[in-house]
Amino acid sequence: MSVEDFSSFREQTLQKNGIKHLESGIFYGKFVEPSGKEKYTSVSPVDGHSNADFSLADRNEYDNAVRYLDSAFEKWNEITPPKRGDIIRAIGDSLKRNKTNLGALVSLEAGKTIAEGEGEIQEMIDIAYFASGLSRQLYGLTMTSERKDHRLMEIWNPIGTIGVISAFNFPSAVWSWNAFIAAVCGDTVLWKPSTKGGLVSIGVMKIISETLREMDAPQIFALVNGKGSEVGDWMAEDSRLKLISFTGSTATGKCVNQKVSERLGRTILELGGNNCAIVSRHANMEIALKGVAFGALATTGQRCTSTRRVVVDQAIYDEFLKRLKDIYENVPVGNPRQEGILVGPLIDANAVRKHTEALKTAKEQGGKIIVPGEPIKVKGLENGFYVRPALVEAKPDMEITRIETFAPILYVFKYSTLEEAINIHNSVPQGLSSSIFTENLREEEQFLSYAGSDCGIVNVNTSTAGAEIGGAFGGEKDTGSGRESGSDAWKLYMRRQTVTVNYGKDIPLSQGVRFDI
Ligand code: UN1
């Protein structure tokens with residue numbers, strides 16, 4: 001694709017998604033006309049040129065958005081959960097019809113390949129349909145009562161307006177894990193995306209708000225593009241937002257957590273990952289190579305779930321490393337819209353700098369650079385932010401291997417016993433995703449046991465990246481806490497009430513207490 005071709009791809013993508021050169025980054029009920037005040041210029045990492053501008057929210061607009069959602073909450077709860085599920089299903093249908101266009105917008109703004117851009121939208125479609133089914137399954141338990149003629153049960157009610165702060169690397173999917181589940185639960189949702197994902201948030205909101213209008217439903221989602229240090233802080237401190245779901249760095253997550261707990265609010269924190277794959281001598285080599293390569297290279301190593309460390313059994317170490325080196329040296333890096341390209345650009349110049357610095361540090365700390373991973377210029381896209389992926393033989397005590405660098409750098413370690421491998425695996429502060437490649441039942445079970453992986457997500461013979469929406473997503477340790485997406489993560493978006501009903505003719509007390517008046 002030449003420079004001209006990419007420019008026309010940009011124009012077409014913006015046009016197909018209904019995005020003008022100056023957009024509103026704020027939606028509550030409708031898009032708020034951008035005034036002459038603060039705006040943000042979206043730049044494509046693919047060619048380093050600007051896509052469009054959009055407005056950022058001020059305090060007044062932020063407050064209006066929360067107030068708007070609080071009143072939408074009342075209307076939304078006049079609708080039964082299964083009917084709410086129908087509405088979210090219709091949103092899934094609209095996203096499905098717009099999958100190609102929205103996927104292209106993800107490529108334009110986040111630099112994802114065609115498959116991964118569309119995969120991101122597919123993740124939204126999947127969670128919409130999951131949420132729709134869930135709307136009839138917001139089950140509460142019933143318990144037996146120790147008191148005669150009493151009923152004991154749990155019911156679940158919505159918590160109100162919640163806030164979702166999402167990251168650039170999954171500019172819409174992670175928001176939808178929260179938003180669609182929260183919506184069927186009866187909540188309304190304020191969304192602050194990363195400004196680097198602002199255009200995707202605008203494109204998504206255009207489709208979703210239109211579907212809500214067509215369904216005659218209240219506008220239950222609001223969008224406030226803005227700076228983290230402003231809108232992010234306002235949200236964390238705002239007791240009107242009962243839950244803050246935050247995706248981003250551990251450092252920022254700790255600040256968010258402090259502010260939200262200060263007001264006794266609830267958080268879901270999906271923070272840094274430093275995910276590791278163990279490759280045993282009992283692994284199927286082809287599966288392990290593919291799994292590790294996908295985990296480490298997909299999204300140019302910019303997933304929370306990216307494989308950043310691989311621990312390889314000494315019995316197969318040389319062969320595995322040789323074959324991995326071959327993959328790293330030959331993987332096609334370039335324009336993510338080109339068929340066959342597997343690694344696109346990093347998000348911006350700062351990310352390229354961090355990649356380069358981490359490699360320099362790795363070398364200083366004693367790492368052996370196997371594939372150098374230098375910045376490159378892609379023909380016709382000279383201002384884009386491209387690097388080759390890097391492979392480094394390392395020791396687990398190297399400080400740099402304990403840090404999450406959002407870039408395609410893979411550290412390789414050698415092990416002799418599985419215990420040693422698991423020790424290396426668990427020796428980092430983060431605890432999001434993990435993998436073991438083995439066909440040995442004992443090894444697999446050991447990895448799944450209390451003495452195995454300490455992460456929230458554990459995979460056997462598949463990649464650390466690429467989780468399905470059906471499971472609960474989240475981690476332990478410095479990755480934060482809470483779960484999003486599937487399974488019973490919905491419970492975090494609701495408040496549980498334990499109900500006791502006495503239908504008897506007397507009032508017996510629990511624990512056999514007598515209180516005779
Ligand atoms: C993230 O990087 O924040 O499991 C989310 C995966 C994707 C989601 C990643 N389904 O890799």
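In listed order, ligands and their atoms are each counted from 1.
Checked by distance only, ligand 1 and Gly466 come closer than 3.5 Å through their nitrogen or oxygen atoms. Residue Ala467 places at least one N or O, backbone or side chain, under 3.5 Å from an N or O of ligand 1. In terms of polar-atom proximity, Glu123 is counted as a contact of ligand 1, with an N or O under 3.5 Å from an N or O of the ligand. An N or O contact shorter than 3.5 Å is missing between Gln302 and ligand 1 by distance.
The proximity of Thr299 to ligand 1, defined as any non-hydrogen pair under 4.0 Å, does not occur for either the backbone or the side chain. Under 4.0 Å from ligand 1, the heavy atoms of Trp177 that appear belong solely to its side chain. Contacts of Glu468 with ligand 1, taken as heavy-atom pairs under 4.0 Å, are absent altogether.
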His282/Phe437 under ring-ring contact (aromatic ring centres under 6.0 Å, His included): CA gap, chis, key distance, verdict:
CA-CA 8 Å; His282 302 295; Phe437 290 88; over 10 Å; no
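In this structure, a donor-acceptor pair under 3.5 Å is absent between the side chains of Asp478 and Thr250.
Aromatic ring orientation, Trp490 versus Trp156: perpendicular (interplanar angle above 60°, classes split at 30° and 60°). By the 30° and 60° cut-offs, the orientation of the rings of Trp175 relative to Trp191 is parallel.
A salt bridge between Arg353 and Glu357 is present, with a side-chain N of the basic residue lying under 4.0 Å from a carboxylate O of the acidic one.
In terms of protein heavy-atom proximity, atom 2 (O) of ligand 1 is nearest to Cys304 N, 2.7 Å. In this structure, atom 5 (C) of ligand 1 lies nearest to the protein heavy atom Phe170 CD1, 3.7 Å.
The shortest side-chain heavy-atom distance between Tyr62 and Leu190 falls under the 4.5 Å cut-off.
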